[in-house]
Q: 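This is the structure I want to talk about, given as structure tokens.
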Amino acid sequence: MNIYYVQPGDTIQTVAEKFHLSVQQLMQMNYMAIPEVSVGQPLFVPYLRPYSNVNSQLLTSLQEGGYILYARHAEATVGMDDPNLSFENCATQRNLSAVGRRQAETYGRTLRNFEIPTAYPVLASPFCRTIETAELAFGRDNVQVDPFWIEIYKLSGRLSVIEQSWILYDLNTFLEIQPPQGSNKVIIAHSFPSGIGLGQIPNMGTVVIRPHGQGRGYEVVAHLTLSELGSLQE
């Protein structure tokens, strides 16, 4: 499930059609008694995976700025994080593999080569693999650790519907914030469970998001693998 914020001009009928639902289905999903919506109202809707739009037009848009690039960390070693992991002790966590370190370096180099402007600091989840990915791609001095992104990691655990909903609400609120003019905000964090939030993301994959401003929602423009990102100019 995802959260959609009702936009000016929306009716319950147009929102239902946008997500391939009947009005009755949309009402049932949101426990609505009457078929009416108001601007800014949050609605639970199905997650719809957008198509990957890999072309030079997208590259031009990214070079102009105004987007959020949400990227999953690079490839990490096989295994599991320690159930009692410590963020201060990387030995209790999955860490980047040699391939992952090369992926992270390639990611930062690709953005620079394509002259895609990045607003600093780049935000990283507190896990060692996300911090190292961000530092290899953008430099240690340009990275800021943000504890909020631990919540995205938690979505893959056992959470109640209410707990999950609050995390997704906070995520959607964050993704509405527009970056400084002429730049793009980069976040290095985690994948999502299938059908939740931004969906599953491959190692060093990127979700390109166009925020519309606080309270006005956002648009997922593309899902890009690392190789697709490198092919934007072709």
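Residues: numbered from 1 along the sequence shown.
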Q: Is the shortest side-chain heavy-atom distance between Arg129 and Asp81 below 4.5 Å?
A: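 The answer is yes, as the side chains (C-beta and beyond) meet within the 4.5 Å cut-off.
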
Q: Quick check: does any side chain N or O of Glu115 sit under 3.5 Å from a backbone N or O of Asn113, one acting as donor and the other as acceptor?
A: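 Judged by distance alone, no pair lies under 3.5 Å.
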
Q: Could you grab the distance from atom OH of Tyr4 to atom CD of Gln41, nearest 0.5 Å is fine?
A: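 Tyr4 atom OH to Gln41 atom CD measures 11.0 Å (nearest 0.5 Å).
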
Q: Using a 4.5 Å cut-off between side-chain heavy atoms of Ile, Leu, Val, Met, Phe, Trp and Tyr, which other residues end up in the same hydrophobic cluster as Phe87?
A: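 Grouped by the 4.5 Å side-chain rule, Leu85, Phe127, Ile150, Tyr153 form the rest of the cluster around Phe87.
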
Q: Over all heavy atoms of both residues, which pair between Tyr5 and Gly217 is shortest? Give the atoms and the distance, please.
A: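 Of all heavy-atom pairs spanning Tyr5 and Gly217, the closest is CD1-CA, 4.5 Å.
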
Q: Spell out, yes or no, whether Leu168 and Ile162 are grouped together once hydrophobic residues are joined by side-chain heavy atoms under 4.5 Å, including indirect joins.
A: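 Yes, Leu168 connects to Ile162 through the hydrophobic network.
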
Q: If I compare all heavy atoms of Val15 with all of Leu26, which pair ends up nearest, and what's the gap?
A: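 Result for this residue pair: CG1-CD2, 3.8 Å.
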
Q: Under 6.0 Å between the ring centres of Phe192 and Tyr70?
A: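 Centroid separation for Phe192 and Tyr70: below 6.0 Å.
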
Q: Quick one: which of Tyr218, Tyr169, Trp149 gives a ring-ring contact (aromatic ring centres under 6.0 Å, His included) with Phe174?
A: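 One option only clears the test, and that one is Trp149.
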
Q: How long is the straight-line distance from CG of Leu175 back to CD1 of Ile209, given to the nearest 0.5 Å?
A: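 Interatomic distance, Ile209 CD1 to Leu175 CG, rounded to 0.5 Å: 4.5 Å.
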
Q: Identify whether Ile201 and Ile131 are in the same connected component of the hydrophobic contact network (ILVMFWY, side-chain heavy atoms under 4.5 Å).
A: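 As far as the 4.5 Å side-chain criterion goes, Ile131 and Ile201 are not connected within one cluster.
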
Q: Taking side chain as C-beta onward, heavy atoms only, is Val39 less than 4.5 Å from Pro8?
A: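 SC-SC contact between Val39 and Pro8 confirmed.
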
Q: Can you see which heavy atom on Asn89 is nearest to which on Gln93, and at what distance?
A: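 So the minimum-distance heavy-atom pair works out to O-NE2, 3.7 Å.
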
Q: Verify, without hydrogens or angle tests, whether Gln164 (side chain) and Leu155 (backbone) share a donor-acceptor contact under 3.5 angstrom.
A: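 Here the side-chain-to-backbone pair does not exist.
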
Q: Side-chain contact test, heavy atoms from C-beta onward, threshold under 4.5 Å: evaluate it for Met32 versus Ile12 and give yes or no.
A: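 Heavy-atom side-chain distance check passes, below 4.5 Å.
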
Q: So, does Asn84 use its side chain to make a donor-acceptor pair with the main chain of Asp82 at under 3.5 Å?
A: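 Here the side-chain-to-backbone pair does not exist.
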
Q: Looking at Glu105 and Arg102, does any basic side-chain N land under 4.0 Å from a carboxylate oxygen?
A: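 Looking at Arg102 together with Glu105, the answer is no, because their closest N to O distance does not fall below 4.0 Å.
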
Q: For Ala71 and Met204, work out which heavy atoms get closest and say how close.
A: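 Scanning both residues completely, I find the closest heavy atoms to be CB-CE, 4.0 Å.
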
Q: How far does CG of Leu226 sit from CG of Asn203, to the nearest 0.5 angstrom?
A: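 Interatomic distance, Leu226 CG to Asn203 CG, rounded to 0.5 Å: 10.0 Å.
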
Q: Rounded to the nearest 0.5 Å, what separates atom CD in Gln178 from atom CD1 in Ile68?
A: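 These two atoms lie 9.0 Å from each other.
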
Q: State plainly whether one hydrophobic cluster holds both Leu171 and Val145, where clusters connect Ile, Leu, Val, Met, Phe, Trp and Tyr through side-chain heavy atoms under 4.5 angstrom apart.
A: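 Result: no, two separate clusters.
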
Q: So Leu58 and Leu224, do their side chains get closer than 4.5 Å, heavy atoms only?
A: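 In short, these two side chains touch, coming nearer than 4.5 Å.
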
Q: Could you list the donor-acceptor pairs under 3.5 angstrom formed between side-chain atoms of residues 135-142 and any protein atom two or more places apart in sequence or on another chain?
A:
from	atom 1	to	atom 2	distance (Å)
Asn142	ND2	Phe138	O	2.8

Q: Taking Gly230's backbone N and O only, do any of them form a donor-acceptor pair with Thr110's side chain (distance below 3.5 Å, no angle check)?
A: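 Checked: no pair found.
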
Q: Within the distance-only criterion (no hydrogens, no angle test), does the side chain of Asn184 pair as donor or acceptor with the backbone N or O of Pro117 below 3.5 angstrom?
A: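 Present.
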
Q: Could you check whether any side-chain heavy atom of Ile187 comes within less than 4.5 Å of a side-chain heavy atom of Leu69, counting everything from C-beta outward?
A: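 Not touching, per the 4.5 Å side-chain cut-off.
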
Q: Quick check: closest heavy atoms across Gly66 and Pro211, and the distance to 0.1 Å?
A: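 Smallest interatomic distance, heavy atoms only, reads O-CD, 3.4 Å.
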
Q: For the CD atom of Gln200 and the OG atom of Ser191, what is their distance to the nearest 0.5 Å?
A: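 Separation between the atoms: 5.5 Å.
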
Q: Judged by atom type as modelled, is there a donor-acceptor pair below 3.5 Å linking the side chain of Asp10 to the main-chain atoms of Val37?
A: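 Checked: no pair found.
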
Q: Side-chain contact, heavy-atom cut-off 4.5 Å: Leu198 with Ile152?
A: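 No, side chains not in contact.
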
Q: I'd like to know if the side chain of Gln103 and the backbone of Ala74 have a donor-acceptor N/O pair within less than 3.5 Å.
A: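 Not confirmed, Gln103 side chain does not pair with Ala74 backbone.
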
Q: Does Glu176 offer a backbone N or O that forms a donor-acceptor pair with the side chain of Gln214 under 3.5 Å?
A: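 No; judged by distance alone, with no hydrogens or angles, the pair does not exist.
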
Q: Using the rule given for side-chain contact (heavy atoms from CB on, under 4.5 Å), can you reason through His190 versus His73, listing the C-alpha separation, both sets of side-chain angles and the distance that settles it, and then say yes or no?
A: CA-CA 6 Å; His190 309 276; His73 58 78; 4.0 Å; yes

Q: Do you know which two heavy atoms are closest between Val23 and Pro35, and how far apart they sit?
A: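 In terms of heavy atoms, the two residues are closest at CG1-CB, 4.4 Å.
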
Q: Is a donor from one side chain sitting under 3.5 angstrom from an acceptor on the other, for Tyr107 and Thr133?
A: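 No - no donor-acceptor pair under 3.5 Å links their side chains.
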
Q: Within the 4.5 Å heavy-atom criterion, are Leu62 and Phe114 side-chain neighbours or not?
A: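 The answer is no; the side chains never approach within 4.5 Å.
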
Q: If Ile, Leu, Val, Met, Phe, Trp and Tyr residues are connected whenever their side-chain heavy atoms lie under 4.5 Å apart, and connections chain through other members, are Tyr120 and Val143 in the same group?
A: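 In one cluster with Tyr120: Val143, no.
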
Q: Are the side chains of Leu229 and Leu111 in touch, meaning some heavy atoms are under 4.5 Å apart?
A: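 Leu229 vs Leu111: side chains touch.
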
Q: About how many Å separate OG1 of Thr118 and NZ of Lys185, when rounded to the nearest 0.5 Å?
A: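 Lys185 atom NZ to Thr118 atom OG1 measures 10.0 Å (nearest 0.5 Å).
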
